[in-house]
Structures are given as structure tokens and as C-alpha cells.
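Bear in mind that the values here come from a model prediction, so they are computed numbers and not experimental data.
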Amino acid sequence: MQGLMMDFPLTITSIMEHAERVHGAQEIVSVTRDNPRHRYTYADAFGRVRQLANAMNAWGMASSDRIATLAWNDYRHFETYYASACSGYVCHTINPRLFPEQIVYIINHAEDQFVFLDPDFWPLIEQVAPQCPGVKGWVVMTTAEHMPETTLANVHCYEDVIANQPDSFDWPAIDENEACALCYTSGTTGNPKGVLYSHRSTVLHTYATMMPDSMNISSADVVLPIVPMFHVNAWGNPYACPVAGAKMVMPGNKMGDGPTLAALINEEGVTMSAGVPTVWLNLLAHLRSTGERVDTLQRVVVGGSACPLSVMEEFDTYGVDTRHAWGMTEMSPLGTSNSSGARRHQYDAETFANMRTNVGQPIFGVEVKITDDDNKELPWDGVAFGALKVRGPWICSSYFKLDGSSAHEDGDWFETGDVASIDSRGNVSITDRTKDVIKSGGEWISSIEVENCATGHPMVAEAAVIGRIHPKWGERPLLIVVKNGEGDVSPSELKAFLDGKIAKWWIPDDVQYIEEMPHTATGKIQKMKLREMFNDYQFPA
Ligand code: ADP
């Protein structure tokens with residue numbers, strides 16, 4: 001017997017209509033190049049979304065055509081998200097930090113019809129446009145007086161595009177399984193691969209991100225998404241905030257700027273923020289040097305790469321709870337979340353410190369398992385580690401226009417490329433990326449755990465561990481450090497610091513110092529680059 005409930009589609013349009021009707025008066029504040037503090041309401045935003053939808057409609061595109069964005073987190077980007085998805089097009093967010101050749105590749109691969117761009121990326125677009133013959137128009141997200149001078153054809157000004165358009169629009173009915181957004185993975189090897197989200201997957205993921213043990217987003221929140229909207233849809237914040245009626249504060253191109261972030265938090269009353277570990281280093285450095293505080297901020301969600309314990313403990317001193325989360329582009333992105341901070345009073349300091357570095361439990365909707373080299377499932381005992389696999393309604397089933405691409409190597413499970421252990425309560429500890437694993441004498445060493453401990457030394461700004469060839473052990477760990485400020489710390493001091501914190505045989509054999517850590521387009525340490533830099537390195541005899 002079937003249930004007798006309405007078969008009602010889960011769409012981005014329904015998020016928009018709910019937000020406008022119920023939370024129309026809530027604010028969206030943005031930093032843009034033409035206005036350091038733009039503010040308006042959800043009602044204003046969705047009025048302009050309808051104007052933009054009318055303009056797009058006149059461009060004569062077909063359903064599911066791709067509209068690209070190369071933009072920071074701000075209100076015009078938000079409007080483009082909604083106008084394209086709710087019109088039945090696909091909003092393809094491009095990471096501007098990719099190499100120009102990769103941007104050309106993904107614009108052409110996605111067959112983008114129009115590209116919306118922040119004026120900051122104008123020089124980049126002038127460089128790539130001649131190689132993207134399929135693009136029918138370039139829309140610069142600014143006002144007429146801030147438009148760049150150009151000889152390039154088909155360049156439009158965003159504000160002119162929407163000016164004089166009616167602010168009513170007849171939204172099309174959309175099947176919930178239709179695509180709404182497209183995001184390419186960074187592609188550290190080979191070409192980037194497109195992950196194509198559906199309306200349904202996005203709405204389900206939105207519910208999941210709002211749950212108390214995940215990002216816990218409510219109408220009482222003021223949310224500062226530092227994670228870019230070009231990086232897996234800012235982890236879903238641009239959908240969750242309108243659903244909850246949370247005020248949004250968008251940092252524009254100032255997301256890496258400690259003083260701006262502190263000012264936005266304090267002046268706008270930010271309660272929750274989300275970003276990769278590196279952005280917090282800038283904010284914390286600013287707070288440390290000025291003595292400023294961030295009293296309204298209750299919690300930060302940190303993911304994208306492992307969050308060092310030292311970052312969490314520094315946030316503690318400001319009364320900010322750090323929520324460590326794990327996910328990936330192929331997972332929309334949220335997979336697990338560590339909400340142990342809410343239960344910290346139940347534990348002694350050491351137990352709590354151990355609990356918080358793992359990435360937490362799978363959020364409902366995401367199933368996880370670990371397997372060995374023969375695809376045999378491993379126990380959840382907190383000890384065994386193996387390939388981490390996931391499945392669920394917001395996890396990619398195959399890549400865009402890559403038929404036969406193996407998103408699934410093990411039945412209907414998606415292979416994350418991470419190595420992990422899982423304890424009896426489902427807490428996941430990410431040990432490594434499969435390709436970064438260090439094998440010493442046949443045994444795995446967790447580079448993430450060694451890095452996490454090393455970053456706890458006050459003289460270490462950033463640390464990375466890579467495996468290098470060793471005549472006896474096959475591979476041994478080499479610790480690479482960017483020092484904090486002017487002071488000094490010797491290899492033997494660092495090794496002594498690690499002693500007792502990690503297994504003795506995990507302690508790196510040597511330490512090398514570099515001026516700057518190479519990062520990927522999404523702010524992760526580029527281990528491949530480090531391995532190249534230290535290709536000829538040999539451990540001291
Ligand atoms: P995103 O774009 O969301 O960063 P990517 O697909 O680029 O996702 O990268 C996902 C990978 O980042 C994961 O497979 C994992 O290796 C790493 N990662 C994400 N979050 C964490 C975390 N909290 N701890 C360790 N690694 C993480």
C-alpha cells in the first residue's frame with residue numbers, strides 16, 4: 001500500500017518562495033567592490049531575482065542551459081544563483097583561483113551560455129574569453145560607472161541588464177530531479193570533473209545542514225559564509241539561511257582579511273560562520289594582535305581540510321565553539337559533523353581534546369563504511385583504517401558528461417579517496433587522502449595527525465608531512481614547516497615537542513623550513529607540489 005501524501009517537488013523555487021513570504025524582512029549584508037556595506041532584505045533580493053529572470057528569459061536559452069558565475073560571496077551572486085536555478089537553468093559556479101587553462105576547459109566543457117563575473121576577475125576574463133567561443137555574453141556584476149573599458153564583444157553591465165525589467169515572473173514548474181547547480185572539483189590531477197546537483201539533492205542537503213548537530217542554523221542566527229559560493233555552494237549556506245530566515249553577511253573579496261571579518265562579526269552581530277582552516281588563521285592573528293574580541297560569535301564550522309586542535313583551542317578563548325566537519329564537492333558537501341563541543345562539560349579536558357579532532361558522526365542521510373584493499377568492510381573499532389566510502393541522496397552518482405566515469409567503484413558506494421577509521425559510535429577520523437598516505441615499513445602513518453600536533457607548536461604557522469623514500473623503511477615522514485614570525489625552532493626541538501603526542505615511529509625523521517606553503521585553489525596544502533619541491537630530498541644518513 002502506498003502512502004497517501006502529496007508528491008510535492010523539492011525545488012530551489014520553493015526555498016525562494018518560502019523565504020520571501022515568511023522572512024522577507026530579514027537582511028542580507030554584503031561587501032562588494034562598489035559598496036563596502038550593501039544591505040537590503042530577502043524581499044528586495046527576490047524582487048531583483050525576478051528582474052534578472054526576465055532578462056535571462058529574453059536571452060532565449062533552453063531548459064538546463066548553464067549560466068556560469070566567477071564571483072565572490074555577495075548579493076548579486078546570490079541573485080544569480082536563484083534566478084538561474086529557479087528559471088530551470090543550471091548555475092555553474094567557477095573557482096576563480098583555478099589556472100586560466102582550467103577555467104577555459106570547464107567553461108567549454110560545461111558549455112556555459114553566459115558568464116557572470118565580479119569586476120575583480122575582468123583581467124582573467126579578457127585573457128580566457130577568446131578561447132571560449134560558445135559564451136554568448138559576459139555580465140559584469142557591477143554598476144555602469146564601474147564597468148571596465150573593453151573591446152571584447154557581448155559584455156553587459158549587471159545593473160543595466162536588470163534595470164527596467166518587471167519584478168514579476170512566472171516561475172516554471174520544475175521536476176525535483178532536474179539539475180540546478182554545477183561545481184567542478186579542483187582536479188589536482190587531470191582535468192576538473194563536474195558535479196551536477198539536483199533541486200532535490202540540494203533541498204535535502206539544506207535540511208541536513210540546518211540540523212542542530214550539523215550547522216544548527218535558525219532564524220536567530222546571523223551567518224557569515226566565508227567559504228566561497230564558488231566552493232560547493234558555500235556549503236549550502238545560501239539555501240539554509242533563506243529557509244531558516246537567518247540574516248546573511250557576505251564578505252565579498254575580503255574573506256581572507258582578518259580586520260574586515262572582525263568588523264563584520266562585531267558590527268553585524270554574526271553568530272555563526274563557516275570556512276576552511278586557513279581563513280581562521282587570518283582572523284585569529286588579527287584578534288591576537290589587536291586584543292579585539294568577537295563576543296556575538298557562538299560557533300564556527302571548519303572543514304575542507306583538517307582543523308588543527310590549536311585553532312579550536314584558540315577559538316575557545318573567545319567563547320567560540322569549533323565544529324569540525326568533513327565532506328567534499330561530490331557530497332554537496334556535508335558528510336560528517338563533530339558537535340562534541342555542545343557536550344564538553346561531560347568530559348575532562350584531555351578526553352575532550354581527543355574527541356574534537358575527529359570529523360564527527362555522519363549526518364543523517366549519509367551512510368559511511370570503510371573497506372580494506374579487497375573491498376572487505378572493516379569494523380567500527382576506532383583502530384582499523386581503510387578506504388572511506390559513502391552513499392546517500394546528496395552524493396554524486398556520476399560526473400557531468402563523463403559517461404563511464406567511475407564515481408562508483410564498489411557497487412553503489414562512492415569512493416571518497418580518503419582513508420579513515422570509524423569508532424563504535426560512528427565518529428570518523430580522516431587519516432589521509434589515499435594518494436598522500438605514508439607507508440613506513442608497510443605500516444600507515446597518518447600525516448594529518450602529525451600535522452595537527454606540529455601546528456600546536458607556537459613557532460609553527462603551517463605544517464605538512466609528506467613521505468620520502470627511505471633506504472630501510474621504504475618511506476619515512478618529512479615534516480615541512482612555515483615558521484610563525486621571526487622566532488626560531490630547530491628540528492630537534494620540534495621532534496621533542498611531538499614526542500609523547502603521537503606514536504614514536506610516526507615522528508618525522510627530519511624537518512625542512514619553507515617561506516610559504518603551496519595551496520590549492522580551495523585553500524588546501526598542495527602535497528603534490530611539496531613532493532615535487534622535495535623530490536631530490538634525502539634523509540640524513
Ligand atoms: P571541498 O571542495 O569541499 O573542499 P573537495 O572535493 O575539494 O571538497 O575536497 C574534499 C576532500 O577534502 C576530502 O575528501 C578530504 O580529503 C578533505 N577534507 C575535507 N574536510 C576535511 C576535514 N575536516 N579533515 C580532513 N580532510 C578533509
Drop me the distance from [X]'s [atom1] to [Y]'s [atom2], to the nearest 0.5 angstrom.
X: Thr416; Y: Leu388; atom1: OG1; atom2: CG; answer: 4.0 Å
X: Tyr184; Y: Thr93; atom1: OH; atom2: OG1; answer: 10.5 Å
X: Met312; Y: Thr322; atom1: CE; atom2: OG1; answer: 6.0 Å
X: Glu159; Y: Met141; atom1: CD; atom2: CE; answer: 10.0 Å
X: Thr260; Y: Met255; atom1: OG1; atom2: CE; answer: 12.0 Å
X: Asn57; Y: Leu52; atom1: CG; atom2: CG; answer: 11.0 Å

Identify the heavy atoms of [X] and [Y] that sit nearest to each other, and give their distance.
X: Ser87; Y: Ala53; result: OG-CB, 3.7 Å
X: Val276; Y: Gly304; result: CG1-CA, 4.3 Å
X: Met210; Y: Ala244; result: CE-CB, 3.6 Å
X: Asn73; Y: Val227; result: ND2-O, 3.0 Å
X: Thr271; Y: Ala220; result: CG2-O, 4.3 Å
X: Arg293; Y: Thr317; result: NH2-O, 3.0 Å

Assess whether atom [atom1] of [X] is packed by more than 12 heavy atoms of other residues, nucleotides or ligands within 6.0 Å.
X: Asp348; atom1: CG; result: yes
X: Phe364; atom1: CZ; result: no
X: Glu516; atom1: CD; result: no
X: Arg343; atom1: CZ; result: yes
X: Phe352; atom1: CZ; result: yes

Quick one: does [X]'s side chain have a donor or acceptor within less than 3.5 Å of a partner on [Y]'s backbone?
X: Ser214; Y: Ala208; value: yes
X: Arg66; Y: Ala110; value: yes
X: Thr296; Y: Val270; value: yes
X: Gln102; Y: Phe99; value: yes
X: Ser332; Y: Trp394; value: yes
X: Gln113; Y: Glu111; value: yes
X: Gln361; Y: Gly426; value: no
X: Trp280; Y: Gly275; value: yes
X: Asn35; Y: Thr32; value: no
X: His199; Y: Cys180; value: no

Report yes if the side chains of [X] and [Y] come closer than 4.5 Å at any heavy-atom pair, otherwise no.
X: His286; Y: Leu261; answer: no
X: Thr80; Y: Phe114; answer: no
X: Trp122; Y: Leu117; answer: yes
X: Glu313; Y: Arg356; answer: yes
X: Leu297; Y: Tyr318; answer: no
X: Phe78; Y: Tyr42; answer: yes
X: Val140; Y: Cys157; answer: no
X: Ile67; Y: Met56; answer: yes

So, [X] versus [Y]: side-chain donor-acceptor pair below 3.5 Å or not?
X: Asp44; Y: Thr41; answer: yes
X: Asp74; Y: Ser30; answer: no
X: Ser198; Y: Asn177; answer: no
X: Asn338; Y: Asn358; answer: yes
X: Glu79; Y: Tyr158; answer: yes
X: Tyr197; Y: His205; answer: no
X: Asn233; Y: Tyr81; answer: yes

Give the ring-plane orientation class for His18 versus His23, where under 30° counts as parallel, over 60° as perpendicular and anything between as tilted.
-> perpendicular
Once the angle between the rings of Trp72 and Phe121 is folded into 0 to 90°, is it parallel (under 30°), tilted (30 to 60°) or perpendicular (over 60°)?
-> tilted
Mind running side chain to side chain contact (heavy atoms under 4.5 Å, CB included) on His519 and Arg97 for me, showing each step along the way?
-> CA-CA 10 Å; His519 288 115; Arg97 299 191 187 117; over 6 Å; no
Please test Met328 against Val195 for side chain to side chain contact (heavy atoms under 4.5 Å, CB included), starting from the C-alpha separation and ending with a verdict.
-> CA-CA 10 Å; Met328 58 199 306; Val195 179; over 6 Å; no
Pair [X] + [Y]: basic N to acidic O under 4.0 Å:
X: Lys136; Y: Asp65; answer: no
X: Arg299; Y: Asp221; answer: yes
X: Asp418; Y: Arg433; answer: yes
X: Asp118; Y: Arg33; answer: no
X: Arg37; Y: Glu268; answer: yes

Show your reasoning for whether side chain to side chain contact (heavy atoms under 4.5 Å, CB included) applies to Glu462 and Thr278.
-> CA-CA 9 Å; Glu462 269 189 291; Thr278 42; 4.0 Å; yes
Result of checking Cys91, Ser84, Pro96 against Thr69 for side chain to side chain contact (heavy atoms under 4.5 Å, CB included) = Cys91
Ring centers of Phe116, His77 separated by less than 6.0 Å | no
